[in-house]
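A short worksheet on the structure shown next.
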2 protein chains.
Amino acid sequence: MSERNITADRRTLGFLLRQPYERLQREVYGGLAARGFPDIRPAHSAVFRHIAARGSRLTALAEQAGMTKQSMAYLVEGLAEGGYVATAPDPQDGRARLVKLTARGRRVWDALIALSAEAEARIAARVGPARLAELRAILEELAEG
Amino acid sequence: MSERNITADRRTLGFLLRQPYERLQREVYGGLAARGFPDIRPAHSAVFRHIAARGSRLTALAEQAGMTKQSMAYLVEGLAEGGYVATAPDPQDGRARLVKLTARGRRVWDALIALSAEAEARIAARVGPARLAELRAILEELAEG
DNA sequence: CGATATAGACAGATAATCTGTCTATCTGTC
DNA sequence: GACAGATAGACAGATTATCTGTCTATATCG
């Protein structure tokens, strides 16, 4: 390895992807804390991203987020304690409970969208909207393959 | 929020960045496991990325990785148990110890570089080298600002 | 020499995941 | 209608990756 380290010649793509990702997260979840939701953490996005307006089953949320039911149950439990979601029995299936956003949860959902858009607008301001659109296009392309 | 969820209209940039990042990580650390290093986890990259050939201080590694000394000590401890790094007193400073890659650690370092390059080559094969270069360029630009 | 800063070890906490096991409930087949 | 097997999700416990706070040893500066 001589005198070099991994990042000396050329940063790995993983490194380059992680940096803006973590910055976005800091901005969005910092903003959420500033808006009065300090107990919402990045992991909770797994819930907010997929939850349906009528309520979602724990199992469905876990599957959509690509994690175990147990892990999702842990996240939902935290959100329920904070009053962001409430669970109710599923009238269609006695085994299941439906997890649904409360009014407070919907405010977080709105804030998440607004803060994401703001963070993205800041990037557009820095590198130009064309450059950002290009980035989006390549990442969408990558997501498909 | 009507019938939609966050990802319905337009995926957040954070979501788009996370996907390829996690895929890369799976590929690289899966490949590392296949090459006989199953105990090297993504978090260990914080050590491999910055460690100097002559050895690095724990404090320096922690600072470069942007984490606490305690967290870095935990990572280094795991690597030392696996025989990837060894620590020795710093002759220049009696308080300090130098963390250095062993021969086995250098093999991991080499594998990390090779696997990262391979993963990147697979992306180039999928979207074209020009597209990948564009992605890199935008991400480098983002990293500066 | 003494004050202060630094290196890093130790103790303990927390977040975010996992596996494994268990009960309740549903559904399809005989 | 009963029973077998699948599914929903709760409970127990473990692991990984981080943190804060405190402590000792050593260095350095005035």
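In what follows, chains are A, B, ... by sequence order, proteins preceding strands, each numbered from 1.
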- What's the OH-C1' distance between Y29(A) and dA15(C), to the nearest Å? 14 Å
- Item | Pairs involving residues 56-65 of chain A, ordered by first then second residue, that meet salt bridge (Lys or Arg N to Asp or Glu O under 4.0 Å) (sequence neighbours left out) | R57(A)-D90(A), R57(A)-D93(A)
- Note on the structure: All heavy atoms of A43(A) vs all of L75(A), minimum pair found to be O-CD1, 3.5 Å
- Task: Could you check how far CG of D39(B) sits from C1' of dT16(D), rounded to whole Å?
- Result: 14 Å
- Message: Connecting only ILVMFWY residues whose side-chain heavy atoms lie within less than 4.5 Å of each other, what is the rest of L98(A)'s hydrophobic cluster?
- Response: none
- Listed in order of residue number, which residues of residues 81-99 of chain B have a non-hydrogen atom at under 4.0 Å from DNA chain D? D93(B), G94(B), R95(B)
Can you tabulate the close N/O pairs, meaning under 3.5 Å, that link protein atoms to atoms of nucleotides 17-20 of chain C?
| unit_1 | atom_1 | unit_2 | atom_2 | d |
| --- | --- | --- | --- | --- |
| dC18(C) | OP2 | T68(A) | N | 3.2 |
| dC18(C) | OP2 | T68(A) | OG1 | 2.9 |
| dC18(C) | OP2 | S71(A) | OG | 2.3 |
| dG20(C) | O6 | Q70(A) | NE2 | 2.5 |

- Whole-Å gap separating P (dA9(C)) and CZ (R57(B)): 13 Å
- Residues clustered with L139(B), ILVMFWY side-chain links under 4.5 angstrom: L13(A), L16(A), L17(A), Y21(A), L24(A), I123(A), V127(A), L132(A), L135(A), I138(A), L139(A), L142(A), L13(B), L16(B), L17(B), Y21(B), L24(B), I123(B), V127(B), L132(B), L135(B), I138(B), L142(B)
- Partners of P42(A) by side-chain contact (heavy atoms from CB on, under 4.5 Å), sequence neighbours excluded? Q25(A), Y29(A)
- Note on the structure: Rounded to whole Å, CD of E63(B) lies from C1' of dT18(D) at a distance of 18 Å
- In short, side chain to side chain donor-acceptor pair (under 3.5 Å) pairs touching residues 67-85 of chain B with sequence neighbours left out are D39(B)-Y84(B), T68(B)-S71(B), Y84(B)-R104(B)
- Task: Quick one: pull up CZ in F48(B) and CD1 in I113(B) and give me the separation to the nearest 0.5 Å.
- Result: 11.0 Å
- Task: Under the salt bridge (charged side-chain N to carboxylate O under 4.0 Å, His left out) rule, collect the residues that match up with E118(A), sequence neighbours excluded.
- Result: R35(A)
- What one should report as the nearest heavy-atom pair of L61(A) and V47(A) is CD2-O, 4.2 Å
- Item | salt bridge (Lys or Arg N to Asp or Glu O under 4.0 Å) partners of residues 119-128 of chain A, not counting sequence neighbours, each pair once | E27(A)-R122(A), E120(A)-R136(A), E120(A)-R10(B)
- Item | Counterpart residues, side-chain hydrogen bond (donor to acceptor under 3.5 Å, both in side chains), relative to T87(B) (two or more places apart) | R97(B)
- Query: Closest approach of E141(A) and R131(B), non-hydrogen atoms and distance?
  - Reply: OE1-NE, 2.8 Å
- Task: Could you summarise the pairing of DNA chain C as dot-bracket text, marking Watson-Crick and G-U pairs under 3.5 Å with ( ) or [ ] inside the strand and | across strands?
- Result: ||||||||||||||||||||||||||||||
- Query: Which of residues 17-25 of chain B sit near DNA chain D, with a heavy atom under 4.0 Å from it?
  - Reply: none
- Task: Can you see which heavy atom on L79(A) is nearest to which on I40(A), and at what distance?
- Result: CD2-CD1, 3.6 Å
